[in-house]
*Asks:* 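This is the structure, below, for whatever I ask next.
What's counted below: heavy atoms across the whole structure, side chains too, no hydrogens, waters or symmetry copies. Residues take their numbers from the sequence shown, with the count starting at 1.
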Amino acid sequence: QTRSLLGVFEEDAAAISNYINQLFQAMHRIYDAQNELSAATHLTSKLLKEYEKQVLCKSFLSTIFLKFPSFPCLPQLSSCHAVLSTQLADAMMFPITQFKERDLKEILTLKEVFQIASNDHDAAITRYSRLSKRRENEKIKAEVTEDVYTSRKKQHQTMMHYFCALNTLQYKKKIAMLEPLLGYMQAQISFFKMGSENLTEQLEEFLTNIGTSVQNVRREMECEGENMQQTIEDLEVASDPLYLPDPDTTKFPVHRNLTRKAGYLNARNKTGLVSSSWERQFYFTQGGNLMSQARGDVAGGLVMDIDNCSVMAVDCEDRRYCFQITSFDGKKSSILQAESKKDYEEWICTINNISKQIYLSENPEEIAARVNQSALEAVTPSPSFQQRHESMRPTVQSRPPAARTSSTGSLGSESAALSALSLDSLVAPDTPIQFDIISPVSEDLPGQAKSSGQSGRRTNPFGESGGSKSETEDSILHQLFIVRFLGSMEVKSDESPDVVYETMRQILAARAIHNIFRMTESHLLVTCDCLKLIDPQTQVTRLRFPLPNVVLYATHQENKRLFGFVLRTSGGRVESRQTSICYIFESNNEGEKICDSVGLAKQIAFHAELDRKASEKQKEIDRVKEKQQKELNKQKQIEKDLEEQSRLIAASSRSNQSSGEGQFVVLSSSQSEDSDLGEDGKKKRESEA
């Protein structure tokens, strides 16, 4: 709006300049003509005087002088014309020349200085925007910041003086034509007064009133000029902190309840497969639309429909304060860079408020404040993530082996009824969100006691041998991915990928509302037994997710860098039931690869479980066969012992028949021996028998 209004004033100044040039030429012709007339009158008077000396015309001139007695007054008339020429030079030509040479040239000079200051400011802003956040040089940063400060201050001061000159021109143009005209008329009146007394008092009164009006306008112009000068001084003092490109947010707080926003942003335009360029344009919101307007355009153009869109902070090459806007259908996205952190946060909050269609209400700012407060209460982080994770230790129960991985990475069959679930049935509205991994969790299996002084065990993700053998060294699959933890929250269902999509939406919206842009980077190790989050610096396992408890996993439908999985655990708010926790991560364009790797790990684990069960069944069959063989051998041995005993009894019967008396003697002697042994000896003898 300022530049459009400036264009109107500049066009008016150009029109005034063109008109004044033409008026100056016309008045200069009058002045030249009057000078020529004065010179011609003086020459005529001189020639007439000299003509009397001509012998041939002496009698004729005498006759003429008798008929026209005014001829002798030609020298006085020449003097009057000379006076008129002097008055025209002072009262007519001097004001219009001063206006043309001083005021209009000042406007042109200030315009050129303003254009140069604007170009210098644009160049300084471009250099400041290219500051690298990775290779940050304090000296270069200070020089660039000082350059932005100086150029912005220079542009502001030049702009105020230029605008002041344009406003003054609106007053001066009122008298620029009146003063020369008044001077011309007064000079003519004085000229005619010297030759005639027929001028009326009304014309004199009219000219007097014009002169009074000119004086009033001049006094008003002087008063307005003083006020403008005071305003410029006040603005210079008040605007000094705003010359910095990135003002302190403690002195200039961020407004998070806006539903309208306008300002300059840098837009990224792809120029090739891997190359891109940045273009600085003026962006503004209009209802549910994001508009942009290039310098010199009459009106803005539509960039994107931001109703129900998503906005999130992104790391974009070496630029700071970048955010990405994605349309509702995901077909269009735009990456923009703000000038300061304050603008960066306000743009994200404003677009997030507009995406919820708050601007359609009667009091949009009140509703935005209420919605943001509700979101703040809904996403209050839990006190200890480690305690919460301890309560989420996986149970021995797992899904049936017959469950298959769907195309989106979910396990189990998807019925039509699940696809019709509402958002509230997927994620509870008041469910708290955990945005960070607070402390590392031991990777010991459930049920194992942790010895005193034992901390998080370092894990070598590449399977190299260390001091002690890792529990994942025997795993067939080892795949490592770089991920950033976005957040986690408890969900009601784990049967549909919509759970993961809704959790992603709520976590990203909560991060945007509360300006939580920091993310913890970790290494995600996928094995056939579990998923591990490993600290890339210390190689300490932060979290361990048993693979059988990972019941659902999916990538974002549009942004393939986002992926998440649902972990089914025991305990939670109610100890007697199972709970499901959805974890959301951001990867480096590897979301689908991670889901494929998890699916491959579950398939390998599933086949390994089948092989283990088959092996256990075969071992059980072998044990049964061995037991049956032992029973058979035992039965055969018993039969053999019975046959041997029968044979001995038969042999004993035959020997008893042949020697009965001897047997009696032997039995008697053995009975006498038993009586001599006593009761204890008998028991011992019986036990030996």
Side-chain angles (χ1 to χ4, degrees), residues 2-3 6 112-160 162 235-255 258 261-271 275-284 290 292-297 303 311-325 334-351 515 517-518:
T2 302
R3 289 191 176 273
L6 176 61
E112 293 177 359
V113 173
F114 172 71
Q115 188 63 36
I116 293 172
S118 181
N119 294 336
D120 293 344
H121 175 255
D122 292 343
I125 284 295
T126 302
R127 289 193 298 272
Y128 178 79
S129 299
R130 291 176 179 172
L131 280 177
S132 174
K133 67 178 181 181
R134 299 176 182 173
R135 303 183 300 274
E136 190 162 332
N137 191 328
E138 293 298 328
K139 182 178 179 181
I140 296 177
K141 182 179 179 181
E143 292 176 357
V144 173
T145 303
E146 181 65 22
D147 192 10
V148 173
Y149 175 85
T150 304
S151 62
R152 183 167 288 178
K153 184 175 182 180
K154 180 180 177 182
Q155 183 199 22
H156 193 197
Q157 292 175 345
T158 307
M159 177 179 65
M160 289 190 293
Y162 182 36
L235 286 176
E236 286 182 353
V237 174
S239 302
D240 189 73
L242 298 178
Y243 296 140
L244 293 172
D246 196 358
D248 189 1
T249 54
T250 59
K251 298 180 180 178
F252 301 93
V254 179
H255 301 286
L258 299 177
K261 179 73 175 171
Y264 280 96
L265 296 172
N266 292 328
R268 189 180 75 170
N269 300 320
K270 287 189 176 181
T271 58
S275 60
S276 60
S277 62
W278 294 85
E279 182 180 4
R280 190 167 184 261
Q281 287 189 355
F282 185 81
Y283 284 81
F284 60 95
L290 179 64
S292 69
Q293 184 173 354
R295 186 171 298 177
D297 291 350
V303 177
V311 58
M312 62 181 295
V314 293
D315 288 334
C316 193
E317 296 144 1
D318 57 350
R319 297 254 178 165
R320 304 178 299 169
Y321 307 138
C322 294
F323 57 94
Q324 180 177 359
I325 308 173
S334 180
I335 296 179
L336 303 172
Q337 180 194 18
E339 180 180 307
S340 63
K341 184 177 181 181
K342 179 177 180 294
D343 287 344
Y344 164 73
E345 295 183 3
E346 285 184 353
W347 272 107
I348 291 178
C349 294
T350 302
I351 294 175
N515 300 297
F517 305 124
R518 184 179 62 85

*Asks:* By side-chain hydrogen bond (donor to acceptor under 3.5 Å, both in side chains), which residues pair with Q293, not counting sequence neighbours?
*Replies:* none
*Asks:* With sequence neighbours left out, what residues match E279 under side-chain contact (heavy atoms from CB on, under 4.5 Å)?
*Replies:* N269, Q281
*Asks:* Testing R295, K154, M159 for side chain to side chain contact (heavy atoms under 4.5 Å, CB included) with S118, which one passes?
*Replies:* R295
*Asks:* Does the side chain of L290 reach to within under 4.5 Å of the side chain of L336, using non-hydrogen atoms?
*Replies:* yes
*Asks:* List the residues meeting salt bridge (charged side-chain N to carboxylate O under 4.0 Å, His left out) with R127, not counting sequence neighbours, and say none if there are none.
*Replies:* D147
*Asks:* Can you find a heavy atom in the side chain of V311 that is under 4.5 Å from one in the side chain of F323?
*Replies:* yes
*Asks:* Would you please name every residue forming a ring pair (Phe, Tyr, Trp, His ring centres under 6.0 Å) with F252, sequence neighbours left out?
*Replies:* none
*Asks:* Please report the shortest heavy-atom distance between Q337 and S129, naming the atom on each side.
*Replies:* NE2-O, 3.6 Å
*Asks:* Mind checking side-chain hydrogen bond (donor to acceptor under 3.5 Å, both in side chains) for K153 and listing every partner two or more places apart, or none if nothing turns up?
*Replies:* none
*Asks:* Going by the rule ring pair (Phe, Tyr, Trp, His ring centres under 6.0 Å), which residues pair with F282 if we only count those two or more places apart in sequence or in a different chain?
*Replies:* Y264
*Asks:* Going from CZ on R268 to OG on S334, what distance comes out if it is rounded to the nearest 0.5 angstrom?
*Replies:* 9.0 Å
*Asks:* Sequence neighbours excluded, which residues qualify as side-chain hydrogen bond (donor to acceptor under 3.5 Å, both in side chains) partners of D297?
*Replies:* none
*Asks:* Got a sec, which residues hit ring pair (Phe, Tyr, Trp, His ring centres under 6.0 Å) with Y128, two or more places apart in sequence or on another chain?
*Replies:* none
*Asks:* Can you name the side-chain hydrogen bond (donor to acceptor under 3.5 Å, both in side chains) partners of Y283, sequence neighbours left out?
*Replies:* none
*Asks:* Are the side chains of P245 and T145 in contact, using a 4.5 Å heavy-atom criterion?
*Replies:* yes
*Asks:* Could you list the residues that satisfy ring pair (Phe, Tyr, Trp, His ring centres under 6.0 Å) with Y344, not counting sequence neighbours?
*Replies:* Y321, F517
*Asks:* Atom CD1 in I351, atom NZ in K261: separation rounded to 0.5 Å?
*Replies:* 10.5 Å
*Asks:* Rounded to the nearest 0.5 Å, how far does CD of Q115 lie from OG1 of T158?
*Replies:* 11.5 Å
*Asks:* How many angstroms lie between atom CD of Q155 and atom CG of N119, to the nearest 0.5 angstrom?
*Replies:* 9.5 Å
*Asks:* Between atom NE2 of H121 and atom OH of Y243, what is the distance when rounded to the nearest 0.5 Å?
*Replies:* 10.5 Å
*Asks:* Side chains of M160 and E236: does their closest heavy-atom pair fall under 4.5 Å?
*Replies:* yes
*Asks:* Applying salt bridge (charged side-chain N to carboxylate O under 4.0 Å, His left out), name anything that partners R280, two or more places apart in sequence or on another chain.
*Replies:* D122, E339
*Asks:* For the residue pair L265 and A338, what are the closest heavy atoms and their distance?
*Replies:* CD2-CA, 3.7 Å
*Asks:* Got a second to check how far S151's OG is from E146's CD, nearest 0.5 Å?
*Replies:* 9.5 Å
*Asks:* Does any non-hydrogen side-chain atom of K341 lie less than 4.5 Å from one of D246?
*Replies:* yes
*Asks:* Mind checking salt bridge (charged side-chain N to carboxylate O under 4.0 Å, His left out) for E345 and listing every partner two or more places apart, or none if nothing turns up?
*Replies:* R256
